[in-house]
2 protein chains.
Amino acid sequence: MPRDSLPGLTLCNNAMLRRATRKIGQYYDDVLAPSGLKATQQGLLYQIHIGDEPAMGAIAASLIMDLSALGHTLKPLIRDGYVETFADPDDRRVKRVRLTPSGLVKLDEAMRLWRRAQQHFEDRVGKKKAASLREALDDIASLDLDPPPATL
Amino acid sequence: MPRDSLPGLTLCNNAMLRRATRKIGQYYDDVLAPSGLKATQQGLLYQIHIGDEPAMGAIAASLIMDLSALGHTLKPLIRDGYVETFADPDDRRVKRVRLTPSGLVKLDEAMRLWRRAQQHFEDRVGKKKAASLREALDDIASLDLDPPPATL
DNA sequence: GGCAATTAGTGGCATATACCACTAATTGAT
DNA sequence: ATCAATTAGTGGTATATGCCACTAATTGCC
């Protein structure tokens with residue numbers, strides 16, 4: 001059976017990354033569930049919080065996320081009153097984002113749950129290993145990946 | 001400015017994983033674009049190919065993906081005629097999946113591009129580092145992450 | 001000053017992915 | 001044989017994310 005000897009998906013960096021992300025995402029989501037936020041939303045609120053009324057473009061850049069994707073992701077948070085936006089007075093193209101008071105409370109609640117999730121995860125994986133994984137992830141996120149040379 | 005000294009998102013395992021996934025996903029997607037497939041689709045076709053007419057549940061389990069999510073992801077591939085499904089005669093609850101001839105051709109085309117993407121990526125990151133990253137990702141994907149102990 | 005080029009966001013569309021409620025088929029226990 | 005419990009998928013709904021075409025605001029250059 002030749003097919004059985006083919007390399008599994010274990011060889012594709014992208015596939016492995018996605019697979020692990022699904023797994024861990026579900027875990028963090030589960031733990032955060034009581035707050036009503038998804039892990040992505042908690043992360044986004046946090047990112048907004050630690051920024052100084054960041055512009056959308058700045059957030060998108062930090063998160064290596066498409067600007068329009070950020071816009072879409074922001075919508076439920078605005079709808080639910082956790083976040084608000086306003087035009088930068090110095091450059092009206094720029095839209096800045098901040099937490100509402102209610103958003104701050106919600107972030108606080110979510111962060112407690114996040115700490116639990118994070119802690120337990122690190123206990124299971126090992127603090128050292130988790131840190132080196134994050135470092136490796138940051139490295140590849142920082143790569144300057146030009147497209148591969150045309151079909152040489 | 002106290003906020004500037006707060007830990008960045010760099011500390012959250014989940015956030016870092018997602019961030020890196022977005023980055024690498026875009027890269028693989030770019031390289032695969034000429035085939036008309038997204039990297040996720042190429043990965044799914046490959047997974048189906050190396051399986052022996054796998055059941056949907058089996059595919060979902062391999063990929064650590066929700067069964068219904070797999071169903072949705074499969075739809076465009078079926079619509080485009082790359083994949084077909086059929087009921088398992090021994091257990092009609094089970095739906096098995098296989099590539100169509102056209103799907104096989106398309107996978108072949110995509111795999112050539114994938115090899116380019118993979119190769120270039122590994123050249124940039126280092127074969128060793130990439131392999132150890134994948135191993136770490138596989139490890140965490142294999143974790144048995146029970147929910148963290150209630151608010152101790 | 002005026003217009004071309006650039007920059008920041010938006011809205012539409014498509015895929016990716018999850019959860020839930022529901023159906024159909026099977027299995028198990030009596 | 002029967003019927004409750006389990007298993008495999010489906011469909012709906014919601015978020016996550018990307019690309020593209022488009023608009024508005026700015027910047028640069030003459």
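Quick note on labels: first sequence line is chain A, next is B, and so on, each numbered from 1.
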Under 3.5 Å, is there a donor-acceptor pair linking the side chains of B:Tyr28 and B:Gln118? yes

Please write out each protein N/O paired with an N/O of nucleotides 23-27 of chain C under 3.5 Å, distance rounded to 0.1 Å.
unit_1 : atom_1 : unit_2  : atom_2 : d
C:dT26 : OP1    : B:Arg92 : N      : 3.0
C:dT26 : O4'    : B:Arg93 : NE     : 3.3
C:dT26 : O4'    : B:Arg93 : NH1    : 3.3
C:dT26 : O4'    : B:Arg93 : NH2    : 3.4

Once you round it to whole Å, what is the distance between C1' of D:dT17 and CG of B:Asp30? 14 Å

Sequence neighbours excluded, which residues qualify as side-chain contact (heavy atoms from CB on, under 4.5 Å) partners of B:Ser132? none

Just how far, in rounded Å, is C1' of D:dG18 from NZ of B:Lys23? 15 Å

Who passes salt bridge (Lys or Arg N to Asp or Glu O under 4.0 Å) against A:Asp80, sequence neighbours left out? none

What I'd like to find out is whether the side chain of B:Leu44 reaches to under 4.5 Å of the side chain of B:Leu63, using heavy atoms alone. yes

Atom-to-atom span, OH of B:Tyr28 to P of D:dG18 - whole angstrom: 17 Å

Mapping B:Asp29 and B:Ala58 to their closest nucleotides on DNA chain D, which lands nearer the 5' end? B:Ala58

Going 5' to 3' through nucleotides 11-17 of chain C, assign each nucleotide B (protein heavy atom under 4.0 Å from a base atom), S (under 4.0 Å only from sugar-phosphate atoms) or - (no protein heavy atom that close). BBB-SSB

Who are the salt bridge (Lys or Arg N to Asp or Glu O under 4.0 Å) partners of B:Arg92, not counting sequence neighbours? none

Using whole Å, report how far CD1 of B:Ile59 lies from P of D:dA8. 14 Å

Mind jotting down which residue pairs meet the side chain to side chain donor-acceptor pair (under 3.5 Å) criterion with at least one end in residues 135-145 of chain B? Sequence neighbours excluded, please. A:Arg19-B:Asp138, A:Lys129-B:Asp139

When the distance from CE of A:Met56 to P of D:dG18 is rounded to whole Å, what number comes out? 13 Å

Going by salt bridge (Lys or Arg N to Asp or Glu O under 4.0 Å), name the pairs with one or both residues in residues 96-110 of chain B, residues two or more places apart or in two chains. B:Glu53-B:Arg98, B:Glu84-B:Arg98, B:Asp88-B:Arg96, B:Lys106-B:Glu109, B:Asp108-B:Arg112

Which pairs count as salt bridge (Lys or Arg N to Asp or Glu O under 4.0 Å) when at least one residue sits in residues 119-128 of chain B, sequence neighbours excluded? B:Glu122-B:Lys127, B:Glu122-B:Arg134

In whole Å, I'd like the distance from the CG atom of B:Leu67 to the P atom of C:dA18. 11 Å

Whole-Å distance, A:Leu77 CG to D:dA14 P, equals 15 Å

Return a table of donor-acceptor pairs under 3.5 angstrom between the side chains of residues 66-76 of chain A and protein atoms on other chains or two or more places apart.
unit_1  : atom_1 : unit_2  : atom_2 : d
A:Asp66 : OD2    : A:Ser68 : N      : 2.8
A:Asp66 : OD2    : A:Ser68 : OG     : 2.7
A:Asp66 : OD2    : A:Ala69 : N      : 3.3
A:His72 : ND1    : A:Ser68 : O      : 3.3
A:Thr73 : OG1    : A:Ala69 : O      : 2.9

